[in-house]
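Beneath this line is the structure, given in structure tokens, with notes to follow.
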Protein chains: 2
Amino acid sequence: MSNIASGNTIAAVAALIGDPARANMLSALMGGQALTAGELARHAGVTAQTTSGHLARMADAELVVPQKQGRHRYYRLASPEVARVIEALSVLAAEGPKRHHPVGPRDEALRRARTCYDHIAGRLGLALADSMQECGHIVLADGAGIITPAGMRFLAETGIDLGSSPSKRPLCRTCLDWSERRPHLAGRLGAALLARLLDLKWIARTPDSRALRITKAGESGLAQTFGIPHDWHSRP
Amino acid sequence: MSNIASGNTIAAVAALIGDPARANMLSALMGGQALTAGELARHAGVTAQTTSGHLARMADAELVVPQKQGRHRYYRLASPEVARVIEALSVLAAEGPKRHHPVGPRDEALRRARTCYDHIAGRLGLALADSMQECGHIVLADGAGIITPAGMRFLAETGIDLGSSPSKRPLCRTCLDWSERRPHLAGRLGAALLARLLDLKWIARTPDSRALRITKAGESGLAQTFGIPHDWHSRP
DNA sequence: GCGACATTTCGGCCAATGCCGAAACATGGG
DNA sequence: CCCATGTTTCGGCATTGGCCGAAATGTCGC
């Protein structure tokens, strides 16, 4: 009875994500960067051959998109929608059976600041969201936010470019942080913020990890622009 | 490398959803009502024994919760978080490989109005969201909304009770409608709206389906309160 | 207590699929 | 041109896990 067709299709997608090797690859791609097949193989803990098969299937289902470059083959998540599925699954997985509830990234660096697909998560993500809200630049409410006129000016001054695209992508979403259990900024604003902070070299990516490092320049920049104190990162 | 643990767990959850029979059951439960094991077996298209096993596993993983009642055993989705995962997967499944993109519920009744976990989807869902937005009762922005003071008065007058709980559940989220590709109201507001409209008997559930029927009283009520014209449902 | 109904447990069958070794394509550098 | 490196294809093995028939447990109504 009812709509078996759509049920079947969501099953197909979920089954694809439901393999440990593939799930690890997708988690790794949540870092937002494109990774080579080899790197993904290492993340997944399986051989290159096996990885190749997995990637082919995921590309076919349009969960990831391949990009040839020299003798490497880069893969990235196909869309923010894919990221949302992983994100929603993470929330569920973190809550999960209460067997060992003290979960979340064990790594302190990840807790402090990390990428979440194309925006910033961890305590830095929360601090940025809090700051912008306190300054009246955005109004957050339940999973999304509105950028105020003052906020628009602030973004322009700070060089954060939302890209005046006619894109259907939400301007300002929030994303539930699975380590801190509070929302941080996602959507186009979140993406632009990450891009700008990387561009200013206030934060830097860490090789082989989703962790973000706050640079010397970043410490003062974040303090001046967002009012985030220097000693912020030492506090839980 | 990296956090295999969390990857593993999201894989476990996804694998659970990734079976056609289980996915069909979960889709059926997206109707928001608790269903008996037998009903779920019919939805899934497998025998009762098989269903029992599936339900046990999903209950163990806390995707669904059982509730004994007489010689029946009712199951419902364990949380809004579970619903969000299914919702996100539906979006992906609908877009999916462009092989047959004219998808969405084939059934015209489902397209018109249906439940989506605990709120209203379909064209009626969109019309309600549009109406409240045009009247200045809510301000929607990218995945969530804010209820204005005027909106709060309107809700009070209309008898829509948001339940002053200290719940962490978002007041007003939006949920992307997979048949119409536009957002409708979810969150506590969406749930309260559905409850109130059912209570007023303006809409009624359909047995064995997620479709909602608009009653005679509903037609005039919706017209007066939300400005939704009588002939609304005849238009695409 | 006895039959009807709903659900679960047990046991065995079978198909799907993840995994790797070996080898074949690509690509870039010397 | 040949070798090193990255990636894919092929073949075969082993395991997982979904499915059902049969039968046990519970629960209701008489």
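Numbered from 1 within each chain, the chains take letters A, B, ... in sequence-line order.
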In whole angstrom, what separates [X]'s [atom1] from [N]'s [atom2]?
X: B:Tyr74; N: D:dG26; atom1: OH; atom2: C1'; answer: 16 Å
X: A:Leu55; N: D:dT8; atom1: CG; atom2: C1'; answer: 11 Å
X: A:Glu39; N: D:dT7; atom1: CD; atom2: P; answer: 8 Å
X: A:Asn24; N: C:dG18; atom1: CG; atom2: C1'; answer: 14 Å
X: A:Gln67; N: D:dT7; atom1: CD; atom2: P; answer: 14 Å

Which part of the nucleic acid does [X] contact within heavy-atom distance under 4.0 Å: base, sugar-phosphate only, or nothing?
X: A:Thr36; value: sugar-phosphate
X: B:Ala48; value: base
X: A:Tyr75; value: sugar-phosphate

### Query
A:Arg213: what forms a salt bridge (Lys or Arg N to Asp or Glu O under 4.0 Å) with it, not counting sequence neighbours?
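With neighbours one apart ignored, the set is empty.
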Any donor and acceptor pair, going by atom type alone, linking the side chain of [X] with main-chain N or O of [Y] inside 3.5 Å?
X: B:Thr206; Y: B:Ala211; answer: yes
X: A:Thr115; Y: A:Gly31; answer: yes
X: B:Arg22; Y: B:Leu16; answer: yes

Could you go over nucleotides 15-19 of chain D and give all protein N or O partners under 3.5 Å, atom names and distances?
from, atom 1, to, atom 2, distance (Å)
D:dG18, OP1, B:Arg22, NH1, 3.2
D:dG18, OP1, B:Arg22, NH2, 3.0
D:dG18, OP1, B:Arg57, NH1, 3.2
D:dG18, OP2, B:Arg57, NH1, 2.9
D:dC19, OP2, B:His54, NE2, 2.6

For [X], side chain to side chain donor-acceptor pair (under 3.5 Å) partners two or more places apart:
X: B:His119; value: B:His184
X: B:Thr158; value: none
X: B:Thr50; value: B:Thr47
X: B:Asp118; value: B:Arg169

### Query
What distance do B:Leu29 atom CG and B:Ile86 atom CD1 have between them, rounded to the nearest 0.5 Å?
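B:Leu29 atom CG to B:Ile86 atom CD1 measures 9.0 Å (nearest 0.5 Å).
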### Query
Under 4.5 Å between any side-chain heavy atoms of B:Ile203 and B:Thr215, yes or no?
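Not in contact.
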### Query
Within a strict 4.5 Å, meaning less than it, do heavy atoms of the A:Val13 and A:Val85 side chains meet?
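Answer no - side chains too far apart.
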### Message
Filter on salt bridge (charged side-chain N to carboxylate O under 4.0 Å, His left out), then keep only pairs touching residues 192-204 of chain B, sequence neighbours left out; what's left?
### Response
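Sorted pair list: B:Arg196-B:Asp199.
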#### Entry: All pairs passing salt bridge (charged side-chain N to carboxylate O under 4.0 Å, His left out) where residues 82-93 of chain B contributes a residue, at least two apart
B:Glu87-B:Arg173
Protein-nucleotides 1-3 of chain D N/O pairs under 3.5 Å:
none

### Query
Using rotation axes that map the C1' atoms of four end pairs onto the next four (five pairs an end), what angle separates the end axes of the helix from C:dG1-D:dC30 to C:dG30-D:dC1, to 10°?
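If I round to tens, the end axes sit 30° apart.
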Expected list for residues 63-72 of chain B: side-chain donor-acceptor pairs under 3.5 angstrom, two or more places apart:
none

Considering only nitrogen or oxygen atoms on both sides, find all protein atoms under 3.5 Å from nucleotides 26-30 of chain C and state each distance.
from, atom 1, to, atom 2, distance (Å)
C:dT27, OP1, A:Lys68, NZ, 3.2

### Message
Side chain of A:Gln49 only, heavy atoms from C-beta on: which candidate in D:dG21, C:dT7, C:dG21 is closest?
### Response
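For the A:Gln49 side chain, the nearest candidate turns out to be C:dG21.
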